[in-house]
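Below is one structure, written out as structure tokens; comments come after it.
Residue numbers start from 1 in every chain, and the chains themselves are labelled A, B, ... in the order their sequence lines are given, proteins ahead of strands. Keep in mind it's a predicted model, so treat the numbers as computed, not measured.
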Amino acid sequence: MNRDLPPGADQGEARQPIPAGLAFDPARVTKMLTRYGHGGWLGMRYHGHGEDWVELALPWREELVGVAATGVLASGPIISLMDNATSLSVWTRRGTFTPQVTVDLRVDYVRAAVPGRTVIGRGECYKLTRNIAFVRGVAYDQHLEDPVAHVVGTFMTLDGAAAG
Amino acid sequence: MSAEDPLVVAEGKVLPPYAQGLGIAIDHHDSHGMPVLGVDFSDRIQGRPGFLHGGALSGLMEMAAIAAVQTVLAARGDVVRIKPVNVSVEFLRGGTQQRTYAVGRVTRAGRRLVVVGAEAWQDDPEKPIASALMNVMISPA
């Protein structure tokens with residue numbers, strides 16, 4: 001499946017930044033964010049959310065594999081999944097979209113994801129300050145209690161005043 | 001269920017599908033003999049509009065780190081399986097729409113555990129856009 005957009009195609013709506021100040025809807029925004037770019041290429045989808053968490057799904061496919069002989073997913077797609085899920089959890093908890101950047105992210109690879117299974121990334125924003133959002137999360141391929149990866153990280157808002 | 005290495009990159013071997021899909025390839029070797037990986041900017045590795053995605057950048061650095069581990073271990077005659085334990089990534093600058101490079105540096109190669117760092121940059125190697133520190137387990141292939 002080729003998710004690449006031809007140059008210049010369908011970049012109007014999708015490329016526009018999410019309007020700041022609007023009520024944040026993770027399902028809608030995920031749809032926008034996965035129409036193009038890295039999230040689109042990976043094939044991420046919205047899976048669920050709560051007050052301070054968001055789940056994204058990453059369906060297995062051959063192009064995302066790290067070891068061709070085994071079919072095990074590469075670790076890069078897992079990091080990207082968790083980067084996006086935790087990032088969305090910050091906006092979800094904040095209730096609005098504020099531009100932010102990832103400061104750092106640490107991933108523990110608890111076990112290899114089972115080939116063929118969709119991996120779910122659950123990101124949670126457990127603390128929000130004016131400038132920094134603290135996040136954690138797990139990636140799992142069947143049960144939340146049996147993760148394939150565990151992450152912690154921080155985001156910094158690019159517009160401290162708007163975050164108040 | 002397989003507990004095989006989730007990530008493998010090796011000189012002379014075909015890069016994993018994930019790397020090929022993103023356009024990651026060995027660009028050259030640095031003065032320490034370590035493979036420098038390069039990737040052109042494309043929609044496939046874009047995060048917020050105009051900038052490199054942090055996850056794609058992390059993936060690039062992880063592959064550079066693993067390639068460095070394989071280079072160092074091959075030099076001492078070891079053929080091993082590599083299994084990432086964890087990675088810690090610091091994002092230092094926004095990656096813009098240009099070619100990105102990454103190279104790994106083995107800090108300590110023990111018999112079972114290897115500590116390896118990696119850095120990524122764009123036009124100026126003195127201005128890294130991200131750095132990573134990884135622990136990987138090794139076992140005889």
Side chain, backbone, both or neither of Val107(A) within contact of chain B (heavy atoms, under 4.5 Å): both

Residue pair Asn86(B) / His150(A), side-chain donor-acceptor N/O under 3.5 Å: no

Joint hydrophobic cluster, Trp53(A) plus Val152(A), side-chain heavy atoms closer than 4.5 Å: no

For the student: nearest non-hydrogen atoms of Val65(A) and Pro17(B), plus distance: O-CD, 3.3 Å

hydrophobic_cluster_shared for Val116(B) and Leu133(B), side chain cutoff 4.5 Å: no

Pairwise side-chain contact, Tyr109(A) with Val87(B), heavy-atom cut-off 4.5 Å (strictly under): yes

Selection from Gly21(B), Gly94(B), Gly47(B) maximising heavy-atom pairs under 4.5 Å formed with chain A: Gly21(B)

Heavy atoms of other groups near Arg112(B) CZ, more than 12 under 6.0 Å: no

Met137(B) reachable from Ile66(B) in the ILVMFWY side-chain graph, under 4.5 Å edges: no

Side-chain donor/acceptor of His38(A) to backbone N/O of His53(B), under 3.5 Å: no

CD1-CD distance between Ile78(A) and Glu62(B), expressed to the nearest 0.5 angstrom: 10.0 Å

For chain B, the option from Ala69(A), Gly153(A), Pro77(A), Ala149(A) that forms the most heavy-atom pairs under 4.5 Å: Pro77(A)

Side-chain donor or acceptor of Asp43(B) paired with backbone N/O of Gly37(A) under 3.5 Å: yes

Ion pair check, Arg106(A) and Glu90(B), cut-off under 4.0 Å: no

Common cluster, Val36(B)/Leu60(B), ILVMFWY with side-chain heavy-atom separation under 4.5 Å: yes

Ile45(B) side chain reached by Trp41(A) side chain, heavy atoms, under 4.5 Å: no

Portion of Asp83(A) that has a non-hydrogen atom of chain B nearer than 4.5 angstrom: side chain

Closest-packed option against chain B by number of heavy-atom pairs under 4.5 Å, given Val101(A), Asn84(A), Asp104(A): Asp104(A)

Ser87(A) side, atom OG; Arg48(B) side, atom CZ - distance, nearest 0.5 Å: 10.0 Å

Gln98(B) atom CD, over 12 foreign heavy atoms within 6.0 Å: yes

Heavy-atom closest pair, residues Ala56(B) and Ser80(A): N-OG, 3.5 Å

Within one Ile-Leu-Val-Met-Phe-Trp-Tyr cluster: Leu73(B) and Leu37(B), side-chain cutoff 4.5 Å: yes

Separation between CG of Leu105(A) and CG of Leu57(B), rounded to the nearest 0.5 Å: 11.5 Å

Leu64(A) CG to Tyr18(B) OH distance, which is reported to the nearest 0.5 Å: 8.5 Å

Gln46(B) side chain reached by Tyr36(A) side chain, heavy atoms, under 4.5 Å: yes

CE (Met156(A)) with more than 12 external heavy atoms under 6.0 Å: no

His28(B) atom NE2: more than 12 heavy-atom contacts under 6.0 Å: yes

Under 4.5 Å from a heavy atom of chain A, the part of Val85(B) involved: backbone

Best-contacting candidate, Ser42(B), Ser88(B), Ala132(B), against chain A by heavy atom pairs under 4.5 angstrom: Ser88(B)

